Amino acid sequence: MTAPSVSNGTTRSLIWFRKALRVHDNPALAAGIARAKSAQPVFVLDPWFCKPSRVGANRMRFLLQSLRDLDATLRERGSSLLVLHGEPRVVLPRACKTWKVDLVTWEHDIEPYAKMRDTAVRGALERAGVECASSSGHTLYDVEEMLAKCHGKPPTTYSQFLKIVDKMGAPAAALDAPKAMPAPFTGTAEETKELVAGVADAYGIPTLEELGYEAMHDDEGFQAIGGETEGLRRLRRQLSRTEWVHTFQKPDTNPTTLFHALGAKKPKPKSPFEIAARDAGSKNDATNTAANSDMLMTPSTTALSPYMKFGCVSPRVFYHELNAVLAKFEGKGQPSQPPVSLMGQLMWREFYYLVGAGTPNFDKMEGNPICRQIPWNKDRELFAAWENAQTGFPWIDAAMTQLRLEGWIHHLARHAVACFLTRGDLFVHWEWGRDTFDRDLVDADWALNNGNWMWLSCSCFFYQYFRVYGPHSFAKKYDKDGAYVKHYLPVLKNMPAKYVYEPWLAPLDVQKKAGCVVGVDYPAPIVDHATASKACIDKIATAYAAHKDATAVAGKKRKAGE
DNA sequence: ACTTTGTTGGTGTT
DNA sequence: AACACCAACAAAGT
């Protein structure tokens, strides 16, 4: 597709970046500059989300890095990013008045807060005579078009969803990045200073500390650098592993792959994501043995999710470049297929966006028509033990520690801790766990997060509640020696492999010798797994039976009414 | 009414 | 590594 270019237009446009922190394949950006004489890209740091209780430090750091990268990329094109601070419904109309803006463009967003915010902003701007234009870009397809294809009622199974995808045809081609930008119109106005007040940076990009976060050191937390530049680099490096791309099967990937503690021989890797790129050609990783220690260096997944969440990488670019790689393999054996293939992963994202957009109260149990009504408890003590990595189950606590420290855990680790909190052991409400993930994950994405929590709690999409992840057995098949657990829970580092996943079974003298006495140095398990999971299964069975009765009654009523 | 399918369970046997 | 068995779900297709 041809690149949008600087035109001889007359419009003063404001391009409002929210997600889509990129210049490539950005329809809102293209619309903003199409007939512009001048254009100003802006991002609004909204106090609604700019706080540690809503967005954890890892994700906030990633966002700020992405903004700096976007600013640099825009500067290369003769523009720059201005970051405004305040409520969008207040700040944007004020900015438009100050700079006599004619047109504001942005990308559609389906999240409830975003929808409310955008409606308010649009109302205020249109009342002031400013034209508003929004376009689709965060998903492969326009969500509204997909909703039309399923008559407003999204499927709750992946196979039905693929039929919708089939009807949609291939996603549109990606737009190129503009080679040059219209002149920005801030920086000359004194008012700019007022709008970015309180921030040292003249263009308003704050530091973590300025936002009230504790400073993070370079070797802490999520290490992948946010932004379009790095996102595209990582996408292409991943796609260059053609054999791996061809055979990728998500369920075969390893949630305990250790990226940090690989011993003195190899340089200490900075993060899962630093390693992601490092090795081309290795297959899905297997178990933790010396023979395949190189595979250990390979994260099992692409680690691109944070870049997708913020729109640093366009899903359509991902799709088309992935397709190009797959095309080269035609005739060289069956490639993996959705739902487990890489393309399948992209489609899961699309699936959850569709269901999330088309389901009322998608992020709640009550009032959510696709969500099973289950009498979850709201036990603060159990929940706190889970969230603070104090359950006494090393695999669960290690994963929760990695989440807290790094803002990222493998998909299957997310399964394990989500199952444990909800239907597997603690029977705590999935909405509580959802909130923790929403705050702490670098890649937290409303539609995907809520969808996955419903999946794991057997509230929707998945219903085999008797299949429970063992909190002391699941990780063992990937990591027999417990290297992952020992890395994140150093208190267990001298525990013999035999007891790493179940330290309470170790004889007291073994615990003492390892320097880890259960109940003193490390918590005793908060529940007996066998008893707890049985109780959970019973409760869900009861709830399911009630649901069945209710649907049967509703069906009869409907019949009688006709 | 019945069968098949469903991204990613655990345990035990060969 | 592959398979049966556990106990048995929902949704879609026949």
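Nothing here was measured: the structure is a model prediction, and the numbers come from that model. Every chain is numbered from 1 and lettered A, B, ... according to where its sequence line falls, protein lines coming before strand lines.
- For A/Phe466, counting side-chain heavy atoms from C-beta on, the closest listed nucleotide (B/dT7, B/dG6, C/dA8) is C/dA8.
- Heavy atoms of A/Lys163 sit under 4.0 angstrom from primed sugar atoms or phosphate atoms, though from no base atom.
- Taking the P atom of each, B/dT7 and C/dA1 are spaced 26 Å apart, rounded to whole Å.
- Taking the charged nitrogens against the carboxylate oxygens, A/Asp109 and A/Lys19 do have a contact shorter than 4.0 Å, which makes a salt bridge.
- Look at the C1' atom in both C/dA12 and B/dT8: the space between them is 22 Å, to the nearest Å.
- The phosphate of C/dG13 (OP1 or OP2) has a side-chain N or O of A/Gln160 nearer than 4.0 angstrom.
- Using atom C1' as the reference point in both B/dG6 and C/dA8, the two lie 14 Å apart (nearest Å).
- Regarding A/Tyr469, its OH atom lies at a distance of 5 Å from the P atom of B/dG9, rounded to whole Å.
- Nearest to the side-chain atoms of A/Arg372 among the listed nucleotides C/dA11, B/dG10, B/dT7 stands C/dA11.
- Between A/Leu346 atom CG and B/dT7 atom P there is a gap of 17 Å when expressed in whole angstrom units.
- No engagement by A/Arg423 is indicated, since no non-hydrogen atom pair under 4.0 Å with the nucleic acid exists.
- Side chain of A/Glu230 to backbone of A/Ala224: no donor-acceptor contact under 3.5 angstrom is found.
- C/dA8 is unpaired under the Watson-Crick or G-U wobble criterion, no partner having all donor-acceptor distances under 3.5 Å.
- Figure legend. B/dT14 is base-paired to C/dA1; pairs are counted as Watson-Crick or G-U wobble with both atom distances under 3.5 Å.
- Note: A/Trp446 and A/Tyr353 fail the aromatic proximity criterion, with ring centroids not under 6.0 Å apart.
- Between the NZ atom of A/Lys476 and the P atom of B/dT11 there is a distance of 8 Å, rounded to whole Å.
- Partner assigned to B/dT7 is none, using Watson-Crick or G-U wobble distances below 3.5 angstrom.
- Nucleic acid contact for A/Val468: sugar-phosphate only, since backbone atoms but no base atoms lie under 4.0 Å from a heavy atom of the residue.
- Under a 4.0 Å N-O distance rule, the pair A/Glu431/A/Lys364 does not qualify as a salt bridge.
- Here B/dG9 presents its C1' atom at 13 Å from CD1 of A/Ile396, a figure rounded to the nearest Å.
- For A/Gln464, counting side-chain heavy atoms from C-beta on, the closest listed nucleotide (B/dG10, C/dC9, B/dT7) is C/dC9.
- When only modelled atom types and interatomic distance are considered, A/Ser305 and A/Asp443 share a side-chain donor-acceptor pair under 3.5 Å.
- Both A/Arg467 and A/Tyr544 sit near DNA chain C, but only A/Arg467 has its closest nucleotide nearer the 5' end.
- For the OP1/OP2 pair of C/dA11 and a distance below 4.0 Å, the side-chain nitrogens and oxygens of A/Thr157 include no atom meeting the criterion.
- Residues A/Tyr522 and A/Gln390 bring no donor and acceptor atom of their side chains to less than 3.5 Å of each other.
- Residue A/Ser473 places at least one side-chain N or O closer than 4.0 Å to OP1 or OP2 of B/dT11.
- Between A/Tyr463 and C/dA11 there is a side-chain N or O to OP1 or OP2 distance below 4.0 Å.
- In this structure, A/Lys548 places its NZ atom 12 Å from P of C/dA8, rounding to the nearest Å.
- Comparing B/dT8, B/dG10, C/dC9 by their closest approach to the side chain of A/Tyr465 singles out C/dC9.
- Dashed line: the shortest gap from a side-chain N or O of A/Lys477 to OP1 or OP2 of B/dG9 is not under 4.0 Å.
- Rounded to an integer number of Å, the gap from A/Phe461 CZ to C/dA10 C1' is 13 Å.
- With respect to the salt-bridge test (charged N to carboxylate O, under 4.0 angstrom), the residues A/Glu144 and A/Lys149 do not qualify.
- The distance between atom CD1 of A/Ile409 and atom P of B/dT8, rounded to the nearest whole Å, is 19 Å.
- Between A/Asp252 atom CG and C/dA2 atom P the separation is 10 Å, expressed in whole Å.
- Among the protein residues, A/Gly470 comes within range of the sugar-phosphate backbone only, with heavy atoms under 4.0 Å from sugar or phosphate atoms but none that close to a base.
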